[in-house]
Colleague: 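One structure coming up, written as structure tokens, with questions to follow.
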Amino acid sequence: MKADLVVNRENIISEVDPRLYGSFIEHLGRAVYSGIYEPGHETANEDGFRQDVIDLVNELNVPLVRYPGGNFVSGFNWEDSIGPKEDRPTRLDLAWRTVETNEVGLHEFMNWAQQADTEVNMAVNLGTRGVDAARNLLEYSNHPGGTYWSDLRKENGAEEPFGIKTWCLGNEMDGPWQIGAKTADEYGRLATETAKAMKLVDDSIELVLCGSSSSKMPTFGEWEYTVLDHAYDYVDYLSLHMYWGNQEEDLENYLAKSIEMDEFIKGVVAICDAVKAKNGSDKTINLSFDEWNVWYHSNKADDEMEPWQIAPPLLEDIYNFEDALLVGCLLITLLKNADRVKIACLAQLVNVIAPIMTIENGEAWKQPIFYPFMQVSNYGRGNVLTPSVESETYASKDFSEVPYVETIAVHNEEADEVVVFAVNRSKEESVNFTTTLNGFTLESIVESTELAGYDIKLTNEQDHDGIKLADNNDFEINGNELVGELKPLSWNTIRISLK
Ligand code: AHR
């Protein structure tokens, strides 16, 4: 089979906002306790944070981490998580039916984020709480001093404000499972008033309004329109959440599910722009795809979990090779929509539906999905080039025209390189793949790697290095063309230096 990608230097979708490579840590399962924080661990630093995990987070080059939830935030009292640890209350977390000790709280997490070289995207509780708690948390976090909350922050050890820039106005407020779920009008009003107060406290912040919990929600579309109609003038982004799985054991259909992500994004963009037109606004609302990933492997185990444990192993999906291929397609889809998707968070980062897993008192290891995320996050920086792709297509259960090759190229001016990412969805056939890079003078291939040749159900659970990147020496430069072979079922990254 053959496929072609043609790009032109001047034909750019958008510069990538680095926050496209964000992730997420929720007080859920072992994400925090025995994930990022395990004081007794041999790599733990003086603050109790696992250095081996910080090293892996650094490898992923994650610029933004959403915190502290997720569903958790909708029942969370942020004040429980500050002050001397011995005075902090232990609470029932109704979202996951576990027990939260608050041993890691706001200051500890801000400290971890600094050590992990990432910013925090803070969510406020609009489930059981509202305007007052949100504005107080913001004052505590960002106000320089001389007021009750900002002075309390100083008393608690942080002289300088945290300076948190991006804030989520609640989480999945349309979901019946959400503590304090709301109708679109209820949430639209509450989010508007909360946003108004928060921007009065600090007008430099950016706010994310909750969209639907997924495009499968019965109120999808109507929800987006209504909440935006209320809050348009006060917010900056609308959120999207979506998880995928291969419950039907249908590989062709599974690998095509990135098309669903693309349609979801395009649909939400259309709604944002419809509200903009209706209100005659000159402001554009961009998107925050602040929860996306594969999530289904752990569902059964989670259903059987005993309630009211501290940090039980919840949502510990063990990912396989086919999941890594889908995650590759989803990352390419986010890049294709980089003109409107400015923030995205791989949900989540450690242990909970995560690229990084830890063993208590043991190693930290990389799931197969670690690799495509790591490569796109590190090398997919700069200008996304508008792709013109010719690829044969196939039909699957839910999709009529699925290209065998999913691909994109990014021009990183700073590094003076173009990087091509490509997935071959074909089970049987390799693809002779030509990328024509118009307007560039190509020098050499800096690095060409692939994930290929594995059983689709192979995981890294037993052999932590079972699935890993391998060199692919098949690619070569021919004038302004890059030519080579994409193996069947493969994830490929080719970095080309420019003259
Ligand atoms: O990421 C796991 C959960 O998925 C989050 O808590 C929630 O927002 C979503 O339903």
Side-chain angles (χ1 to χ4, degrees), residues 22-33 35-36 62 64-76 92-98 100 109 120-128 166-182 187 191 208-220 223 227 237-245 261 264 287-303 305 307 311-319 323 327 330 343-357 367 369 373:
S23 188
F24 178 25
I25 292 209
E26 177 166 2
H27 278 255
L28 193 189
R30 298 192 309 118
V32 174
Y33 306 106
I36 62 168
V62 176
L64 184 82
V65 177
R66 186 164 173 256
Y67 177 83
N71 296 339
F72 171 79
V73 81
S74 296
F76 176 54
L92 289 185
D93 161 28
L94 302 188
W96 302 104
R97 304 191 79 224
T98 58
E100 173 58 53
F109 191 75
V120 173
N121 172 8
M122 186 67 73
V124 300
N125 175 356
L126 293 190
T128 58
T166 317
W167 295 76
C168 297
L169 294 162
N171 176 70
E172 297 189 346
M173 298 310 304
D174 63 327
W177 58 86
Q178 202 68 215
I179 311 291
K182 300 193 165 35
Y187 173 68
V208 183
L209 184 70
C210 286
S212 299
S213 309
S214 87
S215 62
K216 303 278 162 51
M217 296 300 286
T219 51
F220 170 61
W223 172 277
V227 299
Y237 305 93
L238 185 66
S239 78
L240 298 84
H241 289 183
M242 192 89 159
Y243 294 96
W244 291 269
M261 179 191 240
F264 185 19
L287 308 190
S288 173
F289 211 127
D290 47 35
E291 287 189 33
W292 69 271
N293 202 350
V294 171
W295 173 14
Y296 78 107
H297 296 285
S298 59
N299 292 352
K300 192 164 172 291
D302 292 341
D303 286 346
M305 195 65 67
L314 283 169
L315 278 66
E316 298 211 358
D317 270 42
I318 301 299
Y319 294 117
D323 299 328
V327 164
L330 294 168
I343 303 172
C345 301
L346 176 71
Q348 300 191 7
L349 187 56
V350 184
N351 287 334
V352 170
I353 42 174
I356 299 170
M357 297 300 289
Q367 299 242 37
I369 64 165
F373 187 88

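Residues take their numbers from the sequence shown, with the count starting at 1. Read the numbers this way: they start at 1 and go in the same order the structure lists the ligands and their atoms.
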Colleague: Grab the two heavy atoms, one from Lys182 and one from Leu126, that are nearest each other, plus how far apart they are.
Modeller: NZ-O, 3.1 Å
Colleague: Looking only at atom types and distance, does a side-chain atom of Ser239 sit under 3.5 Å from a main-chain N or O of Gly211, one as donor and one as acceptor?
Modeller: yes
Colleague: On the 0 to 90° scale, with breaks at 30° and 60°, tag the Phe109-Tyr67 ring pair as parallel, tilted or perpendicular.
Modeller: parallel
Colleague: With no hydrogens and no angle check, is any side-chain donor or acceptor of Asp290 less than 3.5 Å from a backbone partner on Cys345?
Modeller: no
Colleague: Do any nitrogen or oxygen atoms of Trp96 lie less than 3.5 angstrom from nitrogen or oxygen atoms of ligand 1?
Modeller: no
Colleague: In this structure, does ligand 1 have an atom that sits under 4.0 Å from one of the heavy atoms of Phe72?
Modeller: no
Colleague: Distance to 0.1 Å, residue and atom name: give those for the protein heavy atom nearest to atom 6 (O) of ligand 1.
Modeller: Glu26 OE1, 2.6 Å
Colleague: Take every heavy atom of Ile353, measure it against each atom of ligand 1, and state whether any distance is under 4.0 Å.
Modeller: yes
Colleague: Which of the atoms in ligand 1, numbered in the order shown and given with their element, are less than 4.0 Å from a heavy-atom of Trp295?
Modeller: 2 (C), 3 (C), 4 (O)
Colleague: For the 3.5 Å polar cut-off, considering only N or O atoms, please tell me whether Glu172 and ligand 1 meet it.
Modeller: yes
Colleague: So, does Trp223 use its side chain to make a donor-acceptor pair with the main chain of Met173 at under 3.5 Å?
Modeller: no
Colleague: For atom 9 (C) of ligand 1, what's the nearest protein heavy atom and its distance?
Modeller: Glu291 OE1, 3.0 Å
Colleague: To check your reading of the model: name the closest protein heavy atom to atom 1 (O) of ligand 1, its residue, and the distance in Å.
Modeller: Tyr243 OH, 2.8 Å
Colleague: Considering distance alone, does some N or O of Trp177 sit under 3.5 Å from an N or O of ligand 1?
Modeller: no
Colleague: Does a side chain donor of either Ser74 or Asn171 reach within less than 3.5 Å of an acceptor in the other side chain?
Modeller: no
Colleague: As an exercise, identify every atom of ligand 1 less than 4.0 angstrom from a heavy atom of Phe24.
Modeller: 1 (O)
Colleague: Which heavy atom of the protein is the closest neighbour of atom 7 (C) of ligand 1, given with residue, atom name and distance?
Modeller: Asn71 OD1, 3.2 Å
Colleague: Over 60° means perpendicular and under 30° means parallel, so classify the ring planes of Phe72 and His27, tilted if in between.
Modeller: parallel
